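Note sheet for the following structure.
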Amino acid sequence: MTHIAVIGGGIAGLAATRRLALAGAQVTLFEASDRLGGMIQPGRIDNLTFDIGAEAFAVRGGAVAALATELGLGDDLVAPRTLGSWAHGAAGGYRLPGGGLVGIPSALESEAVDPALEAAIGAEGVASVHAEAALDPAIGADAGSLAELIRARYGDTVLERLVAPVVRGVYSLDPDVVDHRVLVPQLARRLGQHGSLGAAVASLRAAAPAGALVNTVRGGMHRLVAALVAETARLGVEVRLGESMHVDDARLARFNGTLVTVGSALGDTAEPISAEVVAMLVDAPELDAHPRGTGLLVADAREVEAKALTHATAKWPWLAEAAGAGRHLLRLSYGARPGASAARTLELSDGELRTRALADATTLLGTPLPERQVVGLARQHWRIPAPSARLGRPAELAALRERIANTPRLEAAGTWIDGTGLALVIPAVDRAVERLLAAKVS
Ligand SMILES: Cc1cc2nc3c(=O)[nH]c(=O)nc-3n(C[C@H](O)[C@H](O)[C@H](O)COP(=O)(O)OP(=O)(O)OC[C@H]3O[C@@H](n4cnc5c(N)ncnc54)[C@H](O)[C@@H]3O)c2cc1C
């Protein structure tokens, strides 16, 4: 019988394990930590269970929904409320305009301007969005970083107020080190085709199917992990917790093939990104009005240390119901200070973190939240693999891919090599499993 080793027990390793076992292979799953699920984990405060890692998935492609459906969770897939997102800058909160892509506004079809856009970037910024449509398409065409591209086409205000908060908050990267060709591969191509970045964004948005861009599982994404764990147990998979594995480990010689879902197991030395998620449950009926939509991304505010706040109970109706009347779950994320590598909150005690998170939430939501309203706090440190959109990373990954291609009976998948998010990871896992079964172990 074909016996495959899978390294890493996050969603990639679990999904691969299940596929391999369903195809009739015997599988041993090596997980370095004492728990499965990787960056998808439940958090708990006062009987409320929620996601403290990944909280949603992009619906594009349909692969994640298909997996959830196979696992019996199809009826529990739900969309977020569409209340809009906000950003917070030195002058306070402002609505991010709809219809954009990674914060880049789509072309303005008429002189009528989204008031949110005007409030965010002022008349001068709006003028730069109008003017962009008439710029020579060659301007910015050879930009390496996303920041260079946006600066060349719109100037600093659009970069700092609209694009940077999204890129920092969502991808934990500074736009100066983001390779736009990797982050949004079609953008540069469509700039050439449509003549402007705004028109390129509008065409990409128009090409996206109607409906919500993301979904989650009612009860939390961690249910997907629980369902996969149950399925692997049913299929007789051997799970070895607390066992860190490397592809050169002699113990792998007895397997017919190896699927690796973590770069470190292949000697990838890229520095991960350190981020801390702080979830805070508050008894605050004054937040029932969802004062900042589903949450905010932080631009250039000195008094706030968080890089983003998700008003989770505003975003997910199932969570609001589970939390109960007047209770709200706020998820704040903290990254490293410029030049540092560890998330800035790691050194704080739980008490200090509570004070910090409360101050940030009060400022960001524009609503005083006294200490006595806090029901509880949960914190989780994440070490996120170096994003594939970081400048220079594609070359590093190409070298690792070559090594994998030249090693018999070895395949790789997972966020470290396929990019951030389940919509990329799950289809990549399926392809890697197929390759492993078809070629390398036959
Ligand atoms: C705070 C946060 C929010 C996110 N939000 C979203 C979201 O809303 N939507 C979305 O699609 N994605 C989101 N993501 C990203 C998403 O979580 C990841 O893309 C996905 O979960 C990665 O799965 P993975 O299995 O590739 O890697 P991981 O989840 O990192 O799993 C890797 C596993 O391998 C183990 N391991 C490491 N080294 C070894 C070794 N040498 N031997 C054995 N085991 C090892 C680790 O302990 C870990 O369990 C978020 C991530 C974070 C941190």
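In listed order, ligands and their atoms are each counted from 1. Since we're looking at a predicted model, the values are computed, not measured.
The G421 neighbourhood of ligand 1 comprises atoms 10 (C), 11 (O), 12 (N), 19 (O), with distances under 4.0 Å to a heavy atom of that residue. Within the listing of ligand 1, atoms 38 (N) sit less than 4.0 angstrom from a heavy atom of S264. Of all atoms in ligand 1, listed by their number and element, those nearer than 4.0 Å to a heavy atom of V277 are 1 (C). Contact atoms of ligand 1 toward G9: 33 (C), 34 (O) (distance under 4.0 Å to a heavy atom of the residue). Residue-ligand proximity, W382 to ligand 1, at heavy-atom distances under 4.0 Å covers atoms 1 (C), 53 (C). For ligand 1, the atoms closer than 4.0 angstrom to any heavy atom of I7 are 42 (N), 43 (C). Below 4.0 Å from some heavy atom of G38 lie the following atoms of ligand 1, by number and element: 29 (O), 31 (O), 48 (C), 49 (O). Residue G53 approaches ligand 1 through these ligand atoms, each under 4.0 Å from one of its heavy atoms: 2 (C), 3 (C).
Selection from S244, A265, G414, A54 by nearest heavy atom to atom 13 (C) of ligand 1 gives A54. Between atom 29 (O) of ligand 1 and the options R35, M39, H381, R383, the minimum heavy-atom separation is to M39.
Defined by atom type and a distance below 3.5 Å, a donor-acceptor pair is missing between the side-chain atoms of E286 and T367. Between S106 and R205, the side chains place no donor N or O within less than 3.5 Å of an acceptor N or O (distance only, hydrogens not considered).
Considering only non-hydrogen protein atoms, atom 35 (C) of ligand 1 sits nearest to E31 OE1, 3.2 Å. Among all non-hydrogen protein atoms, the one lying nearest atom 23 (O) of ligand 1 is I11 CG2, 3.4 Å. With hydrogens left out, the protein atom closest to atom 42 (N) of ligand 1 is M245 N, 2.9 Å, a heavy atom. The closest protein non-hydrogen atom to atom 25 (O) of ligand 1 is A12 N, 2.9 Å.
Between R354 and D350, no side-chain nitrogen of the basic residue sits less than 4.0 Å from a carboxylate oxygen of the acidic one, so the salt-bridge criterion is not met. Salt bridge status for R251 with E243: present, with a side-chain N to carboxylate O gap under 4.0 Å. Under the 4.0 Å criterion applied to side-chain N and carboxylate O atoms, D268 and R393 are assigned as salt-bridge partners. With salt bridges taken as basic N to acidic carboxylate O contacts below 4.0 Å, one links R390 and E396. In summary, E434 and R19 do not engage in a salt bridge, as defined by a charged side-chain N under 4.0 Å from a carboxylate O.
Residue-ligand proximity: A58 is placed with every non-hydrogen atom at 4.0 Å or more from ligand 1. Residue contact check for ligand 1: A423 places no non-hydrogen atom closer than 4.0 Å to it.
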- Task: Would you check, one step at a time, whether the test side-chain hydrogen bond (donor to acceptor under 3.5 Å, both in side chains) holds for H290 with H311?
- Result: CA-CA 8 Å; H290 309 143; H311 188 163; 5.1 Å; no
- Item | D360 and E305: CA distance, side-chain angles, deciding distance, side chain to side chain contact (heavy atoms under 4.5 Å, CB included) verdict | CA-CA 7 Å; D360 285 353; E305 298 235 328; 3.8 Å; yes
- Message: Test side chain to side chain contact (heavy atoms under 4.5 Å, CB included) on Q373 and H328; report intermediate values, then the result.
- Response: CA-CA 10 Å; Q373 286 179 297; H328 291 267; over 6 Å; no
- Query: Can you list the steps and then say if L436 with T258 is a side chain to side chain contact (heavy atoms under 4.5 Å, CB included)?
  - Reply: CA-CA 8 Å; L436 194 57; T258 300; over 6 Å; no
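R344 pairs by the side chain to side chain donor-acceptor pair (under 3.5 Å) definition with nothing, not counting sequence neighbours.
At a heavy-atom distance under 4.0 Å, only backbone atoms of E243 (N, CA, C or O) approach ligand 1. Contact annotation for D418 and ligand 1: no heavy atom of the residue comes within less than 4.0 Å of the ligand. Looking at V262 against ligand 1, only its side chain comes within 4.0 Å, counting heavy atoms. Residue L422 touches ligand 1 through backbone and side chain together, judged by heavy-atom distances below 4.0 Å.
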Validation: residues 413-421 side-chain donor-acceptor distances under 3.5 Å, sequence neighbours left out:
unit_1	atom_1	unit_2	atom_2	d
T415	OG1	G419	O	2.8
W416	NE1	A413	O	3.2
D418	OD2	G414	N	2.9

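In terms of polar-atom proximity, A56 is counted as a contact of ligand 1, with an N or O under 3.5 Å from an N or O of the ligand.
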